[in-house]
Amino acid sequence: MRTQPAGAPLLIACALGIERLALRSGDRGGAGGPVTILRTILRTGMGPVAAERSVTGALAGPALGEAAVVATGFCAGLAPGMHPGDLVVAEETRDPRGTVACVGTDLLVEELARALPGRTVHTGPLTGSDHVVRGHERADLRATGAIAVDMESAATLLSAVRAGERPVAAVRVVVDAPEHELVRIGTVRGGISAFRVLRSVLPAFHEWHRSLLLPRR
């Protein structure tokens, strides 16, 4: 796993206010242990254009110039049998502009299983879209090998690596699945199960980031 410079911060990017609320409400003061984590939770706004603009701007500043980046929030599951509250850890993110490989997937899966025992964690490609995906589009995206879709992760990670070499990851919570399709994105507020899961992911992100700061043995 790629290491980070000592003291390098962590940028956690989400799109929606309800996603940031979940993350902040689950914050219990950051991680302890031998490495101090400097963390920023950034609300980018919805959609790939907003994500690219917001992440690029944040990483251009000196405080976050070397930050590791995690894209998180809610997503639509593409695979049959997915349920709201399931977790998706991306092995890569992809959209028409390119594919970005994620770092430390296995560690994130392990830490999420520890933080959320009993929750199903899926791994695989996470694809990007510029709109809410419904109906036949799910099957079309699933045919590409993707297991989930959202509007910001691919743009977030592509913007992050274009701004400089850094570790990146994407972790999403399923709020919308083939057998549990939302009518509109606003009804995400009714996804109580997904909200509760999202508020519990920060410890896994901290451990992922801590592993990047520790020297290799």
Closest non-hydrogen atom pair between [X] and [Y], with its separation:
X: Ser193; Y: Gly85; result: OG-CA, 3.8 Å
X: Leu198; Y: Ala22; result: CD2-CB, 3.8 Å
X: Glu137; Y: Val132; result: OE1-O, 4.3 Å
X: Thr144; Y: Arg94; result: O-NH1, 3.0 Å
X: Ala63; Y: Pro9; result: O-CG, 3.4 Å
X: Phe205; Y: Leu10; result: O-CD2, 4.1 Å

Can you find a pair of side-chain heavy atoms, one from [X] and one from [Y], that are under 4.5 Å apart?
X: Thr93; Y: Leu158; answer: no
X: Arg138; Y: Val149; answer: no
X: Phe74; Y: Ile18; answer: yes
X: Glu207; Y: Leu107; answer: no
X: Cys14; Y: Leu23; answer: yes
X: Arg97; Y: Arg162; answer: yes
X: Val201; Y: Leu116; answer: yes
X: Leu212; Y: Val103; answer: yes

Q | Heavy atoms from other residues, nucleotides or ligands near CZ of Arg196 exceed 12 (cutoff 6.0 Å) | A | no
If you measure from [atom1] on [X] to [atom2] on [Y], what distance do you get to the nearest 0.5 Å?
X: Arg20; Y: Thr44; atom1: CZ; atom2: OG1; answer: 10.0 Å
X: Leu42; Y: Leu64; atom1: CG; atom2: CG; answer: 8.5 Å
X: Glu91; Y: Leu108; atom1: CD; atom2: CG; answer: 12.0 Å
X: Leu21; Y: Ile41; atom1: CG; atom2: CD1; answer: 10.5 Å
X: Leu11; Y: Leu59; atom1: CG; atom2: CG; answer: 5.5 Å

Q) Hey, mind stepping through Arg119 and Leu112 against side chain to side chain contact (heavy atoms under 4.5 Å, CB included) and telling me if it holds? A) CA-CA 9 Å; Arg119 286 288 174 183; Leu112 288 166; over 6 Å; no
Q: Verify side chain to side chain contact (heavy atoms under 4.5 Å, CB included) between Cys75 and Val174, making sure each step is shown before the conclusion.
A: CA-CA 5 Å; Cys75 71; Val174 174; 3.9 Å; yes
Side chain of [X], backbone of [Y]: donor and acceptor closer than 3.5 Å?
X: Glu19; Y: Ala15; answer: yes
X: Thr156; Y: Glu152; answer: yes
X: Arg39; Y: Ile12; answer: no
X: Thr72; Y: Val171; answer: yes

**Q.** side chain to side chain contact (heavy atoms under 4.5 Å, CB included) between Leu78 and Ile147, intermediate numbers included
**A.** CA-CA 5 Å; Leu78 299 175; Ile147 63 168; 5.7 Å; no
Q) Step by step, would you call Asp130 with Asp95 a side chain to side chain contact (heavy atoms under 4.5 Å, CB included)? A) CA-CA 10 Å; Asp130 61 2; Asp95 70 8; over 6 Å; no
Q | Salt bridge flag under 4.0 Å for residues Arg210 and Glu111 | A | no
Q: Following the transitive rule for hydrophobic clusters with a side-chain heavy-atom cut-off under 4.5 Å over Ile, Leu, Val, Met, Phe, Trp and Tyr, establish whether Leu126 and Val121 coincide in one cluster.
A: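 No.
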